[in-house]
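Count residues from 1 along the sequence. Indexing begins at 1, ligand by ligand and atom by atom, following the structure's order.
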Amino acid sequence: MTEPMPVDEAPHQDLTKNKKKPPKAEIPVPPEIVTAYLIVRAAAMGVLGAAPASLEWTLPSVSLLQRTYLKEPGTAKFSIHVGKKMGLDCLKLELCCEDNNAYSSQQLWHAIQDAANELIAANLPIHLYEMSLANLLTLYGSVVLDGSHNLKKMNPETILTVATLAEYLVAVIPPGVPLATTGAIAHIELDLVQCHVSAGKKARKADVTLKFHVDYDGTNTTAADATPVTTTNTQPPPYNAAWFESNIRFSQGLALYEMVQKNASHVVESEPAAAVLARTTDPLDPDGKYNDDDEEDDEMVVNVEEVKGKIDYNKLVSQFGSTLITDDLLERLQQQCRIPLHRFLRRGIFFSHRDLDTLLTCMEKGQPLYLYTGRGPSSESMHLGHLIPFLFTKWLQDAFDVPLVIQMTDDEKFIFKGTYDEQTGDNLDYFANLTIENAKDIIACGFDPNKTFLFSDLDYVGRMYPNIVRIWKAVTTNTVNGIFGFDGSSNTGKISFPAIQAAPSFASSFPTVLQADRSSDMLCLIPCAIDQDPYFRMTRDVAHKLVHKKHGLAGKPALIHSKFFPPLQGASGKMSSSDENSAVFLTDSAEDIERKIREHAFSGGQETKAMQQELGADLEVDVSYQWLKFFLDDDNELARIGADYSSGSGEYWSTGKVKQRLVQVLHGLVGAHQERRAQITDEDVRKWMHERSLV
Ligand code: TRP
């Protein structure tokens, strides 16, 4: 918003009132993208049997075409708002797909994709027309508009361009974009990971979000094919009732519909949301009005290999399709616990989940549970950030008194980061040894030795092999590549690895440790940082293939996700072991800790004493305060520190005072950790890693 803008393009609205960015007409949409968008939109309507929207709606039924093509050429994304009934049908489709062994959850997206490619193959004519808004509203209603049009602000005389795609679709398109012919599109592929249905239990409507990729950039289209559609008529297109009918127009849709009918009995009508792959509506944006703008999260990168930028957790939850933890859920959780809720829960550090509610219901019925977490041993010394999931897992074990399995993915770290040298060979052994060293830090967190099994993949993987093979068979390379961003040049270990991280989610991977086979009812709960979620989304998609039909969660592991522990330099992104000064390591001396906090912890305080006393500190960006939130257990004291520091008065009025308190807390924590760790021998590690029954 600070960019200078040529006067004649300056936006006319008052931007200070409206958080939305200025109109983006400057960079035109590639013609092929708009064409593909029309095709995907038509295909989706025809598969779902949706009319664009009922005519009395004043809201457009289709949200803005998102400009993902700016960063990922050839892609775009949009959402169709569908009514409640339609949304429930979509959910049912997903439910059936997920809960019925015969179908994969991606069936819906495949159906739309196939229908889209059929439309391309048919080389249907596209026609363009120009007409005034007033005219258009009288003829067709607002349903031909999309999210870029704000009816309230538009002048009825505005001239709009309308495109028609045979009897399948009529829609307004961005002004001044020449459309490509359908023949110019070689192929459309839906992004199976990004496509989703969101409909809350109480939502009055649902969204179907579709992200697609189109092959067109010269290499895939011939010059002749790429001829733009130029025929512009000033006469409105002849009215075609078919555009507005809600019926299934494509065979792919019929096949799905039949499946829904057949499997309707599997669907829990009363509680669709709980059983679905926990899709949520963005709580900050229940109508999806603002999440159309991908550019707002420009710098946020969260995936299994990288976390950077300012993290918008609400956005992450809506992107990943997990669910925020509510106070109600915390109350239910507390009822199942033997001890008070951990501060990580009280303070929203573990903030998101999948199926935790259903898990609690199963637990209330007395079904058994085990915990699963893990660590990729990538450096000798772990830092405070690495400790978070383990501290929490220890609390979960105490709270539920249940078995715990901890996977050490030395294989993963070698596959992703290992080296090979002509002279000295590879460094697989290095990672295997790190497992032992890291295991000591993990054991030092205080788990119950009789209820905890630590294992190295290199060592234990054979026991899980039957399940790994099942997962391999159930997941395609395309899916793995789509989820993790691998491609044909990635080593085959990378593509195979996700199944290995998935396998411990199934009790039957632990025939001795959990005394489980495929008939086991054991539920699995996985505490992890949210960047690990993609592994388990994949796991949950195929879970039903690995368990018996009556498993309480249909075999799916439940998840509870944490936020990232902020690095010393600032409360965004994740801490890195490679930058010595961005983290406090578990091996740091008391002096190291003090120096790092004093010199490197980013301060949200003001520059001068007078200013600090007048304005107070910004707690959100202040690393010392944020770290206290993770480690200072006393709620009252934390509240006092927060109140003092943010107002610049009282005992903790300054950064120095807050840092001093943090240093004390960390000295206690790290000191005690080091003492416990020093007691742990290689022989102890061997015992913890010995395959034995925990139940
Ligand atoms: N991939 C994780 C890492 O790099 C390690 C891991 C394996 C894990 N299984 C897990 C983490 C289960 C959380 C839960 O650290």
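Neither side chain, Thr409 nor Asp457, offers a donor N or O lying under 3.5 Å from an acceptor on the other. Under the 3.5 Å distance criterion, with hydrogens and angles disregarded, no donor-acceptor pair is assigned to the side chains of Ser693 and Thr512.
Considering only residues two or more places apart in sequence or on other chains, Cys528 meets the side-chain contact (heavy atoms from CB on, under 4.5 Å) condition with Ile526, Gln532, Phe536, Leu559, His561. Take Asp191 and apply the salt bridge (Lys or Arg N to Asp or Glu O under 4.0 Å) test, not counting sequence neighbours, and it matches no residue. Contacts of Leu586 classified as side-chain contact (heavy atoms from CB on, under 4.5 Å), with partners at least two apart in sequence or in another chain: Met382, Leu384, Leu387, Asp441, His673.
Contacts of ligand 1 (protein heavy-atom distance under 4.0 Å) are Tyr372, Thr373, Gly374, Arg375, Gly376, Gln407, Thr409, Glu412, Lys413, Gln501, Ile526, Cys528, Gln532, Phe536.
Checking Thr326, Leu360, Leu356 one by one against Arg332, the side-chain contact (heavy atoms from CB on, under 4.5 Å) holds for a single residue, Leu360.
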